[in-house]
Amino acid sequence: MKFTVFGNPIAHSLSPMIHQQFAEQVGVELEYTRSLTPKHGFAEAVAAFFRSGGAGANVTVPFKTTAAELVTHLTTRAARAGAVNTLIPLGYGQLAGDTTDGEGLLRDLQRLLATDDLQREVLLIGAGGAASSVIEPLLQAGATVVMANRSAEKITALQHDFPEIRPLSFTELARPPAIKENANRIVLNATSASLEGVELPIHSAWFTESSLVYDMMYGNVPTPFLQQAKRAGATNVADGLGMLIEQAALAFALWHDGQLPSADKALPIIRAALSRN
Ligand code: NDP
């Protein structure tokens with residue numbers, strides 16, 4: 001069975017390593033490659049891969065939205081997110097698109113907090129593809145979602161689908177929160193600022209010892225956002241490697257008759273490999 005991930009750039013994708021680790025866990029053989037895809041050649045690359053017998057594929061930056069427009073069947077959660085990260089061939093040229101990003105984040109937060117109860121405030125910074133994919137699962141898990149984005153109009157647009165969102169301006173983000181010690185708060189960076197190597201204009205009082213600070217970006221050193229949080233006194237911090245592995249496990253299950261590999265087992269192995277890079 002062959003699988004791939006479409007993206008551009010794609011050279012550093014950990015997906016092949018993660019899926020090989022899952023395959024070992026459940027005892028299946030697979031080939032998982034990286035497909036560097038021309039910016040305007042996504043549809044052709046997908047068609048060629050499935051014509052050649054591909055059993056499933058992941059989609060990453062910058063094609064998640066394009067993938068949602070390309071597939072013949074969209075799951076409800078992918079339609080709501082307007083993004084697809086997993087492609088499943090249905091035969092006869094039909095292709096289903098799903099997104100496991102939101103559920104992947106949720107599972108990682110539940111693992112880190114050691115509880116399924118997410119009835120707490122989540123400050124979600126960013127309003128791009130990653131942020132949009134996580135709103136629905138967070139709301140369904142009972143979280144109160146407060147959203148801030150550099151371009152405020154993106155939040156206004158998201159409020160059409162998710163009227164429950166509480167908007168927060170970047171000006172307010174730069175000020176201390178109204179309630180400083182909010183014991184259960186999760187501060188979640190879903191911007192690509194860390195990728196650009198820059199910190200966010202957020203007041204240090206948002207980072208308290210009792211909150212969980214999470215950056216969706218991951219790497220072999222703490223991200224700029226997590227460094228910023230630690231300097232301000234946060235002790236409970238995590239990067240997005242767990243989310244990456246959880247979303248991959250959910251995609252794996254979609255391709256392999258519901259067999260869900262253990263992200264807990266894979267995480268230390270992938271973390272060790274990442275630190276050697
Ligand atoms: P998008 O390009 O769709 O969105 C980027 C977002 O970042 C926008 O909200 C943008 O704001 C904001 N932004 C970019 N630069 C800055 C800056 N300097 N200051 C403040 N805001 C900024 O990207 P994605 O949503 O796809 O990805 C976001 C992050 O999530 C990336 O770091 C990516 O690696 C990570 N990610 C991790 C995953 C995982 O499994 N761990 C899965 C998916 C994504 P504006 O609207 O104003 O431009």
Side-chain angles (χ1 to χ4, degrees), residues 5-15 17-19 39 58-68 78 81-86 98-109 111-112 123-135 137-138 145 147-159 165 167-174 187-203 206 213-226 228 237-252 263 266-267 270-271 274:
V5 53
F6 297 101
N8 188 342
I10 201 66
H12 297 291
S13 169
L14 295 172
S15 293
M17 194 195 303
I18 295 170
H19 281 273
K39 293 264 162 71
N58 286 125
V59 180
T60 187
V61 178
F63 300 117
K64 288 184 184 180
T65 315
T66 318
V84 156
N85 79 342
T86 306
D98 196 2
T99 176
T100 60
D101 280 340
E103 189 66 24
L105 170 77
L106 195 65
R107 290 172 63 89
D108 199 35
L109 293 178
R111 182 182 62 82
L112 289 161
L123 171 63
L124 177 58
I125 312 167
S132 318
S133 302
V134 303
I135 298 169
L138 286 173
V145 178
M147 270 187 96
N149 191 52
R150 186 175 57 181
S151 319
E153 64 275 8
K154 284 196 189 160
I155 299 199
T156 311
L158 283 168
Q159 280 181 301
I165 294 170
L168 188 84
S169 68
F170 254 40
T171 312
E172 289 168 290
L173 191 68
V187 182
L188 185 53
N189 179 21
T191 75
S192 42
S194 287
L195 269 180
E196 297 166 15
V198 298
E199 296 190 349
L200 285 177
I202 174 172
H203 195 279
W206 285 94
V213 182
Y214 193 100
D215 194 345
M216 282 199 193
M217 195 191 139
Y218 48 85
N220 53 8
V221 290
T223 68
F225 180 70
L226 295 185
Q228 187 177 5
V237 301
D239 71 6
L241 189 65
M243 170 182 176
L244 180 80
I245 294 174
E246 292 282 8
Q247 65 74 26
L250 294 162
F252 186 97
L267 189 53
I270 306 298
R271 176 75 70 194
L274 185 61

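Residues take their numbers from the sequence shown, with the count starting at 1. Start at 1 and go down the list; that is how both ligands and their atoms are numbered.
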- Task: Could you pull out the closest heavy-atom pair between Asn149 and Ala127, with the gap in Å?
- Result: OD1-N, 3.1 Å
- Note on the structure: In terms of heavy-atom contacts, Phe63 and Lys39 come closest through CE2-O, 3.6 Å
- In chain-and-number order, ligand 1 lies under 4.0 Å from a heavy atom of each of Lys64, Gly126, Ala127, Gly128, Gly129, Ala130, Asn149, Arg150, Ser151, Lys154, Ala190, Thr191, Ser192, Ala193, Leu195, Glu196, Val198, Leu200, Met216, Met217, Tyr218, Gly240, Met243, Leu244
Can [X] and [Y] be counted as having a side-chain donor-acceptor contact under 3.5 angstrom?
{"X": "Ser15", "Y": "Asn58", "answer": "no"}
{"X": "Asn85", "Y": "Thr100", "answer": "yes"}
{"X": "Thr86", "Y": "Asp98", "answer": "no"}

- Note on the structure: One should read off an interatomic distance between Leu168 CG and Thr171 OG1, to the nearest 0.5 angstrom, of 9.0 Å
